[in-house]
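Protein chains get the first letters and strands the later ones, always in sequence-line order, with residue 1 at the start of each.
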Amino acid sequence: MGLEIESNMLNLEIAGISLRNPAILASGFLGISQAIFERIFDEGAGAVVSKSISKYPMEGFRNPTVVVLENKSYINAVGLSNPGHESFYEEVSTNDKVPLIVSLVGSDPSDFEVMTKKFNKSRIIGFEINLSCPHVQKLGMEVGDDPQMVKSIVKAAKSNTTKPVFVKVGIGNTNLIDISQTAINAGADGITAINTIRAMKISIDNFNPILSNKIGGLSGSSIKPIAIRCVYELSKKFSVPIIGCGGVSNWEDALEFMIAGATSFQLGTAMGFDGMSIFNSINSGILKYLKKKGYQSVKELIGRSHKY
Amino acid sequence: MADHTNTDILRFVRIKKVIEETPTIRTIVFEDEYSIASMPGQFLMVWIPPIEELPMSVGIENVESCKFAAVTVRKYGIGSTALYHKQVGDLIGIRGPYGNCFSVPENLRNALLIGGGTGLVPLVRLFSNLLHDQIQASLIMGARTKDEILFEHKVQELLADNNLSDTAAFSTDDGTYGFNGSTVDLAESILVSKKFEIMYTCGPELMMKGVQKLGERFSIPVEASLERYMKCAIGICGSCCINDKLVCRDGTIFDSMNLKQLTEFGFSYRDKSGRPSYFVS
């Protein structure tokens, strides 16, 4: 681990949380094991978001659950596999060093009430509500497309925890700005944008959709321009912090998100190509850029595109 | 234009041959240049459309004096049974090879290989390589019962080709063939009178845990090929984690130093949801 990542120039705050740097592990990647969380933190991540945790354990879909595409992108339909909130509560009970955000998924407000109440006792820094998983019925996007449900869920979460609650939105049937507005009105402390986008891969050799679930979510470089646009629009409209997510593969991508208006950024897909060391290399790249351009802090870059 | 050099991208292969190994195990042979170039211990993700995708150790088979790639499968679950029933001419999808491989230290003089069941796939490949490099390798092959001994014919051919006769030994849990007992017990009986520089193992986890303990007792380095429930094989999903390691990307081979730190080795694994389950000895 290089010393660069400890630079004050990378420090920032999101919704009252202090982070040593803006590079956050996105939900859905590697996120079920405390030992892995600690390793990712040691590899340089500023914070870590868990896999989306549901009230009860979920096994997810049968393989193939991930398809690799040619342009640094994946389509996945893992199916929200997770150990359930009680087991995961035990898993993170030893956490004393990782800035951990627990991602939650559920189908009605009472799920979120139970889970936020439980994890409010954990040593975690906040929650991210997954309203945008595009490939599991009755969860994620299907909930996120229902404004009344979004309102009730965010309120249920907020009323049971003192920790910040972020809401992860995606490209669904409902307008991204409208659903974010609903979440913010209900008390959301920030917005993570965007989740994967519904997508498919079909074999021309045997005509089969490759994923066992047929439809999955597209992540990686392919969705970056869309994610940049979403972050730009959201950050221009709202004053709460926006966490950019979607196709960060290197420090240039990361900076683009911040200049578009993101307070920090998440990544995951790129780890499949470059391993966990990508956190350190992105932070190093950002730091070199800051020094070269004469900036004192990465915070100076947030939303710099807005005035043009 | 498709990128045919990115081995993460699914490619299709047509089955060239199916070998009946035991009443429950078959070897599926196909052409694939990337698999041929793989090292013992590496694995492929094999898609049996549209049923399942499974991690399988890459084997090598000689057919009419040409090298072909192969996977050896025991019919067990839905996916492995579907693969077992595939026939010559059928298409399967593959990606990889993935993972690291058994390491062979420079100037290695001898080695003890201990394998059980389909864990013998990488070990017999390694055994062949070691013999080719003039390293004195001894192989212990375990099975539940005589009919389930895997690759005996192949190993006997290897021994004959190298003018060896007694460096492979068999053990069966029910005593119907070879040593009556576990591979670990057989290894122990050999280690009492002979010193080895390294032990390689692949098979049921509690067997490998036994080999690790033998390694500690006799001060012999061990390399073990671990298995965990696997989804992506590319280091992003976390399903295959063991402590802070990912079996798909950091393994599947772990050495003594790593094995010692992996407190979950031989103790616990995660089910499909990620909840810990425990090995029962």
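- Contact count against chain B (heavy-atom pairs under 4.5 Å) is highest for A/Val68 among A/Val66, A/Val68, A/Val67.
- A salt bridge links A/Asp42 with A/Lys97: the distance from a Lys NZ or Arg NE/NH1/NH2 to an Asp or Glu carboxylate oxygen falls below 4.0 Å.
- Proximity to chain B (any heavy atom under 4.5 Å) is restricted, for A/Arg39, to the side chain, taken from C-beta onward.
- There is no contact between A/Glu90 and chain B, counting heavy-atom distances below 4.5 Å.
- Salt-bridge formation is not detected for the pair A/Asp96/A/Arg123: no Lys NZ or Arg NE/NH1/NH2 atom is positioned less than 4.0 Å from an Asp or Glu carboxylate oxygen.
- Among B/Ile236, B/Ile234, B/Ile51, B/Asp8, the residue with the largest count of heavy-atom pairs under 4.5 Å with chain A is B/Ile236.
- The candidate with the highest count of non-hydrogen atom pairs below 4.5 Å against chain A, out of B/Glu52, B/Met45, B/Lys272, B/Lys245, is B/Glu52.
- Between B/Arg95 and B/Glu53 there is a salt bridge, since a side-chain N of the basic residue sits under 4.0 Å from a carboxylate O of the acidic one.
- Per-residue counts of heavy-atom pairs under 4.5 Å with chain A were compared for B/Leu91, B/Leu54, B/Asn243; the largest is that of B/Asn243.
- Of the atoms belonging to A/Asn71, not a single heavy atom falls under 4.5 Å from chain B.
- Between chain B and the residues A/Ser87, A/Pro64, A/Pro57, A/Ser203, the largest count of heavy-atom pairs under 4.5 Å involves A/Pro64.
- Interface residue A/Lys51: only side-chain heavy atoms are found under 4.5 Å from chain B.
- A/Thr94 and A/Gln34 are not linked by any side-chain donor-acceptor pair at a separation below 3.5 angstrom, with hydrogens and angles left out of the test.
- Using a 4.5 Å heavy-atom threshold, the side chains of A/Ile215 and A/Leu211 count as separate.
- Residue with the most contacts toward chain B among A/Gly31, A/Pro209, A/Gly84, A/Gly275: A/Gly275 (heavy-atom pairs, distance under 4.5 Å).
- Using a 4.5 Å cut-off between heavy atoms, A/Ser212 does not touch chain B at all.
- Relative orientation of the B/Phe267 and B/Tyr278 rings is perpendicular, given thresholds of 30° and 60° on the angle between their planes.
- Of the listed residues A/Gly268, A/Gly79, A/Ala35, A/Gly28, the one with more heavy-atom pairs under 4.5 angstrom with chain B than any other is A/Ala35.
- Side-chain contact, A/Glu59 with A/Ser81: no donor N or O sits under 3.5 Å from an acceptor N or O.
- Taking the charged nitrogens against the carboxylate oxygens, B/Glu64 and B/Lys17 have no contact shorter than 4.0 Å, which rules out a salt bridge.
- In this structure, chain B has no heavy atom under 4.5 Å from any part of A/Phe37.
- Looking at A/Leu69, only its backbone comes within 4.5 Å of chain B, counting heavy atoms on both sides.
- Using a 4.0 Å cut-off between charged nitrogen and carboxylate oxygen, A/Asp205 and B/Arg11 do not count as a salt-bridge pair.
- Considering only heavy-atom pairs separated by less than 4.5 Å from chain B, the leading option among A/Arg62, A/Met271, A/Glu38 is A/Arg62.
- With respect to the salt-bridge test (charged N to carboxylate O, under 4.0 angstrom), the residues B/Arg270 and A/Glu91 qualify.
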